[in-house]
Amino acid sequence: MKEEIEKIIKGEVDNSEETLTKYSRDASLFEVRPELVVFPKDSDDLKNLVKYVSEEKKNRPALSEKRRPELSLTGRSAGTDMSGGAINESIILDFTKYFKKEEVDVENLRAVVAPGVFYRDFETETLPKHISLPVYPASKQLAALGGMIMNNAAGEKTLKYGQIRDFVEEVTMVLSDGNEYTFAKLGEAELKEKLALNTFEGELYRKTYDLVTTNKEIIEKAKPQTSKNSSGYALWRIYDADKKVFDLSQLFVGSQGTLGLLTEAKMRLIKEKSNRKLIALFFKSWDDLPKVVNEVLPYQPESLEAFDDATLKLGIHFMPEIAKKAHEHFWKFALSFLPEAFIGLEMGGLPKLILLIELAEDSEQEVETKVEAITAKLKSFPIHTRILDDGPDSEKYWVMRRESFNLLRQHVKGKKTAPFIDDFVIDPAKMPEFLPRLLKILKDNDIQANIAGHAGNGNYHIIPLMDITLPSERAKIVPVAKEVYNLIIQYGGSISAEHNDGIMRTPFVEEMFGHEMYGLFEQVKEIFDPQNIFNPGKKVGGTLEYLEEHIATK
């Protein structure tokens, strides 16, 4: 197969042991070995690859011994996916080598990007111009825009700005017929033109339009009642009947590469606020967190982030590494924590929880007014407070928060990060009742975990630490996941706010959305990808058996 593909594309094809081993893993707890890794050079390469796989999968009885129905294409950018979305058994397409186009229009606050652009590189283009794409994940130094778009990423500024789907205005995709199409918001007249097309594109529009209009009640009922969601296909975002707007780009965002291959996206940007302050709150327990969050939300903070004492201890233990990430001299960085040390003495030990409230406005007066109002509101709570100016003193917290997962992956001896309940979201007001029940599940199963997350959204990342070399530990994953996801669903939450479904959560998607809605998801996959070419086993079709078989053992 390697030689056949080399003849039809301009990019490279690699099946070396080193490469296949590397691309067997992403940031999840799974290992899935591909057959080939391809580095496509342009859209024509992608078109040829899709046509090749399509032909190879077709059932031709006379040539059945030559047909390969199991072939598939899985797009991959930075490989930071925590759900197993960037790994598969057939052909992996790495976009980060050649798909690097980025055009920033400062005046109109727009950008056109290719999927292989790393967010850190994109940020060096935008931030000096005082503009940004504010919906980046904690892994922003590692992540690429293709994965961010296909996972519907979010992060520490989601509270104010939403998820990445709120910034995507247009996507260009190579679809299952081997052709490239652009999808964006359409008015009524434009939609009628698309529906009238006697082409594959017209068929997609007709079938999708019929699906969302005929099943409107099912879709509305199944729509997650949470501030964030990246699970399932966002059918509720496609058609606004009142405004007569139809937008298939919203279907592709968050689809995890299961409906086609992204080649380009047009993004909306924002102007960065020029004045910032950070309020750090130190809690002795989680009990008051929901009340504090509800007191703060009316002031529209840009971020409202929480992390637990385990994450704090990790940051302290690996302070030299944190200092390096913050681009600070170690001793200067360490001395910046003296105020926190005194707070710890007053509290009688490390805080159980730290909440970060970031305020950002155009004027200094606006920020100061909000700081004064918030601190006055919080005086009645048994918490300690620090107010920090924008700069190194506040950045240390963000680096600690963003780097916690990587530190866990790299430094915890004898155990590995096992992100299998890492991305739930529920109503923040339900957290005091919900969280003890979740932590009891972990305790009953003797699972240690770190907790961090987006408190304003009720989106928390629970990262278990386990010795997955032990069969007894691996055996806990599915039963505990079932119990935790049942609890999340019971509380009206989503099993994935921003990390998507992948291998880990796809087997639970039907339980979350219900049988009828899951059936609509299956229809969407059939409409856009009838041969199951693109990233099979994600969003629909995944099984617990496959999940268990592919948990990495080292």
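- Asn108 CG: more than 12 foreign heavy atoms inside a 6.0 Å radius.
- Taking 4.0 Å as the cut-off between side-chain N and carboxylate O, Glu302 and Lys157 count as a salt-bridged pair.
- A side-chain donor-acceptor contact under 3.5 Å links Arg206 to the backbone of Leu195.
- Two residues are said to be in side-chain contact when any heavy atoms from C-beta on lie closer than 4.5 Å; Ile149 and Pro115 fail this criterion.
- Between Tyr181 and Phe183, the two ring planes are tilted [angle within 30° to 60°].
- A donor-acceptor pair under 3.5 Å links the side-chain atoms of Asn459 to the main chain of Phe424, judged by distance alone.
- Side chains of Val524 and Thr208 form no contact here, defined as non-hydrogen atoms less than 4.5 Å apart.
- With respect to Lys525 and Glu522, no salt bridge is recorded, no charged nitrogen being found less than 4.0 Å from a carboxylate O.
- The neighbour count for Lys216 NZ, taken as heavy atoms of other residues, nucleotides or ligands under 6.0 Å away, does not exceed 12.
- When all heavy atoms are compared, the tightest approach of Ser77 to Gly146 is OG-CA, 3.6 Å.
- Contact of the Ile87 side chain with the Arg25 side chain is not registered, since no non-hydrogen atoms from C-beta on lie closer than 4.5 Å.
- Using a 4.0 Å cut-off between charged nitrogen and carboxylate oxygen, Asp42 and Lys101 do not count as a salt-bridge pair.
- Using bins of under 30°, 30° to 60° and over 60° for the plane-to-plane angle, the ring pair Tyr209/Phe246 lands in the tilted bin.
- Judged purely by atom type and a 3.5 angstrom limit, Ser494 has no side-chain atom pairing as donor or acceptor with the backbone of Val425.
- Looking at heavy atoms from C-beta onward, Glu170 lies out of side-chain contact with Ser249 at the 4.5 angstrom threshold.
- Taking the six-membered ring where tryptophan is involved, the planes of Phe521 and Tyr518 are perpendicular, since the angle between them exceeds 60° and thus also 30°.
- Around the NZ atom of Lys22, the shell of radius 6.0 Å holds no more than 12 heavy atoms that belong to other residues, nucleotides or ligands.
- Dense packing is recorded around NZ of Lys129, with more than 12 heavy atoms of other residues, nucleotides or ligands lying under 6.0 Å away.
- For the residue pair Gly257 and Met150, the shortest heavy atom distance occurs at N-SD, 3.4 Å.
- Side-chain atoms of Tyr233 and Gln523 include no donor-acceptor pair closer than 3.5 Å.
- Only one option out of Ser231, Ser83, Ser230 pairs with Ser496 in a side chain to side chain donor-acceptor pair (under 3.5 Å); it is Ser230.
- Side-chain N/O atoms of Asn15 and Lys2 include no donor and acceptor closer than 3.5 Å.
- In Glu516, the CD atom is not crowded: 12 or fewer heavy atoms of neighbouring residues, nucleotides or ligands sit closer than 6.0 Å.
- Using a cut-off of 4.0 Å between Lys/Arg side-chain N and Asp/Glu carboxylate O, Lys194 and Glu201 are scored as salt-bridged.
- At a threshold of 4.0 Å, the pair Asp44-Lys47 counts as salt-bridged, since one of the basic side-chain nitrogens sits closer than that to a carboxylate oxygen.
- Of all non-hydrogen atoms in Lys58 and Glu55, the two that sit nearest each other are NZ-OE2, 2.9 Å.
- Atom CD1 of Ile92 sits about 12.0 Å away from atom CZ of Arg33, to the nearest 0.5 Å.
- Within 6.0 Å of CD on Glu4 lie more than 12 heavy atoms contributed by other residues, nucleotides or ligands.
- Inter-residue side-chain proximity for Glu498 and His461 is flagged as met; some heavy-atom pair is nearer than 4.5 Å.
- Heavy-atom neighbours of Lys482 NZ from other residues, nucleotides or ligands within 6.0 Å: at or below the threshold of 12.
- Ile91 has its side chain within reach of Met1: a pair of non-hydrogen atoms, C-beta onward, lies under 4.5 Å apart.
- By the 4.5 Å heavy-atom criterion applied to side chains, Tyr119 and Ser139 are not counted as neighbours.
- Each of Gln250, Arg237, Arg268 was compared with Asp166 under the side chain to side chain donor-acceptor pair (under 3.5 Å) criterion, and only Arg237 meets it.
- Inter-residue side-chain proximity for Arg120 and Lys140 is flagged as unmet; no heavy-atom pair is nearer than 4.5 Å.
- The ring pair (Phe, Tyr, Trp, His ring centres under 6.0 Å) analysis of residues 11-34, with sequence neighbours excluded, yields no pairs.
- Side-chain atoms of Asn88 do not come within 3.5 Å of backbone N or O of Ser90 as any donor-acceptor pair.
- Classification of the Phe528-Phe252 ring pair by plane angle, with boundaries at 30° and 60°, yields perpendicular.
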